[in-house]
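Below, chains carry the letters A, B, ... as their sequence lines are ordered, and counting in each starts from 1.
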There are 2 protein chains.
Amino acid sequence: MARQTRTISATQLTGAQERFIQTWGQMGPSWGISRTMAEVHALLYISGQPMNTDEVMERLSISRGNASMSLRALVEWSLVTRVHKRGDRKEYFEADRDAWSMARTIIRERLRREILPLLTTLYDIREETGERSADASGTAGPASPAHTETVAEHNRRLDALVELIQTIDKLGERFVGSEGKGGGGLKLAATVLSKVV
Amino acid sequence: MARQTRTISATQLTGAQERFIQTWGQMGPSWGISRTMAEVHALLYISGQPMNTDEVMERLSISRGNASMSLRALVEWSLVTRVHKRGDRKEYFEADRDAWSMARTIIRERLRREILPLLTTLYDIREETGERSADASGTAGPASPAHTETVAEHNRRLDALVELIQTIDKLGERFVGSEGKGGGGLKLAATVLSKVV
DNA sequence: CTGTACTTTCAAGAATGATTGAAAATCATG
DNA sequence: CATGATTTTCAATCATTCTTGAAAGTACAG
């Protein structure tokens, strides 16, 4: 079987990069970051090279302000790091080259920004309507049995959700926690699961 | 230790529901659905009762059109089902009561809507720049060794990403696939992982 | 210090997405 | 099949988020 090893032209490479950037950019919003931010990340990831603000602006046709904002946000997400080139005063930005560590970073940040605050609020709301599995039968009061039962059901639903979010949180922390070359926790977890479950 | 079993007033219950709806609604956008849609879902979930369009409009202070749209979207996500009440011409809507099955549904839908199309496009882009791990050394042509190496690196990065997304996809399908009472795959997976990894 | 190169900020404008409300479509019933 | 109840649609409006570009800020070399 003849393996046809075509030579790839520079134009084709750029074309492929372009499509990748667009595709990744479209995913951004679904993953909680803005389209442009995802595009900048895609550019840095796929090109593999550190770039300065001007290069990013140029390549993506975006304004200086936008490039600056997006790069900073990416640095805050720890998806991109600042690097310096000797003899050049400009700042360069470089994407994490390891896709698996990228995934860990995203999970880590989303836990921190979304899941933890959600859990905190949920706990708080849960407290408003009494102790866990409280049986209110001991108390004579204005509450009808029906109302008491309603409250109990409310609490059951809330508890179920809290348990779910807690599990997601714990799972996420496992994934994130165990580092290691080549994917670490996430990759291992995937392997384990595909055999066990 | 005296367990203080307060009686919860109707106002307190409504207050807790309100906070829950708001909290859940805020999560919506981060999870790829609109705020209102998440609020409607929260309302149906936490109240535990089937509601018709007018009740939803009233409780959430939104327009009829908005309520209709949001409910339909929720039905399309399979998070909510239509139910009918005898002797009532209105349509009622009821949320899935099981938090774990809810989670499975969300994962299933996001795989279908986001991950699969992404994978397809990624495969397609990957093809543009040649066979897997092709060694171009056999071909004499306009390509410099440096350029050939650049293409090879591009392909490596793309392959790493494809592998990652594939793993996410497979993981997701495991979670979703094994049903079973009380959480099935997802819950089991969580248990397994917390021991193994 | 001063001038220059570079980066960040932010108010205004543009683009995108959500919401409304009323008209059109659908549906159940007598 | 005609009527009234109910749901859906969709153009217009409103809200939010994104983007720009120029001014302000920083940092460095001489």
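- Atom pair Ile62(A):CD1 and dT8(C):P shows a separation of 13 Å (rounding to whole Å applied).
- Between Glu91(B) atom CD and dT8(D) atom C1' the separation is 11 Å, expressed in whole Å.
- Picking from dC18(D), dT6(D), dG21(D) the nucleotide with the shortest atom distance to the side chain of Ser63(A) gives dG21(D).
- The distance between atom CE of Met57(B) and atom P of dG21(C), rounded to the nearest whole Å, is 9 Å.
- Here the CH2-CZ distance, from Trp31(A) to Arg110(B), works out to 6.5 Å after rounding to the nearest 0.5 Å.
- Between Arg104(B) and Phe175(B), the shortest heavy-atom distance links the atoms CD-O, 3.4 Å.
- Computed from coordinates, the His84(B) NE2 to dT6(D) C1' distance equals 12 Å when rounded to whole Å.
- The nearest whole Å value for the distance from the CD atom in Glu55(A) to the P atom in dC6(C) is 12 Å.
- Within the nucleic acid shown, Ser68(A) comes within 4.0 Å of at least one base atom, counting heavy atoms only.
- Note on Arg89(A): every side-chain N or O is 4.0 Å or more away from OP1 and OP2 of dT4(C).
- Salt bridge Arg156(A)/Glu149(A): present, at least one basic N to carboxylate O contact under 4.0 Å.
- Here the shortest heavy-atom pairing between Val40(B) and Leu74(B) reads CG1-CD1, 3.6 Å.
- Within the structure, a side-chain polar atom (N or O) of Thr36(B) is placed less than 4.0 Å from OP1 or OP2 of dT19(C).
- At least one side-chain nitrogen or oxygen of Arg72(B) sits closer than 4.0 Å to the OP1 or OP2 atom of dT9(D).
- Per the geometry, CG belonging to Asp54(A) stands 7 Å off P belonging to dT7(C), to the nearest Å.
- An OP1 or OP2 oxygen of dT19(C) is reached within less than 4.0 angstrom by a side-chain nitrogen or oxygen of Arg35(B).
- The Asn66(A) side chain lies nearest to dT19(D) when the options are dT8(C), dT19(D), dT20(C).
- Atom-to-atom, CD1 of Ile33(B) to P of dA18(C) comes out at 11 Å; the value is rounded to the nearest Å.
- The residues Glu109(A) and Arg112(A) are annotated as salt-bridged, a charged nitrogen and a carboxylate oxygen being separated by less than 4.0 angstrom.
- Residue whose closest nucleotide on DNA chain D sits further toward the 5' end, between Ala67(A) and Asp88(B): Asp88(B).
- With rounding to whole Å, Arg64(A) atom CZ is found 15 Å from dA24(D) atom C1'.
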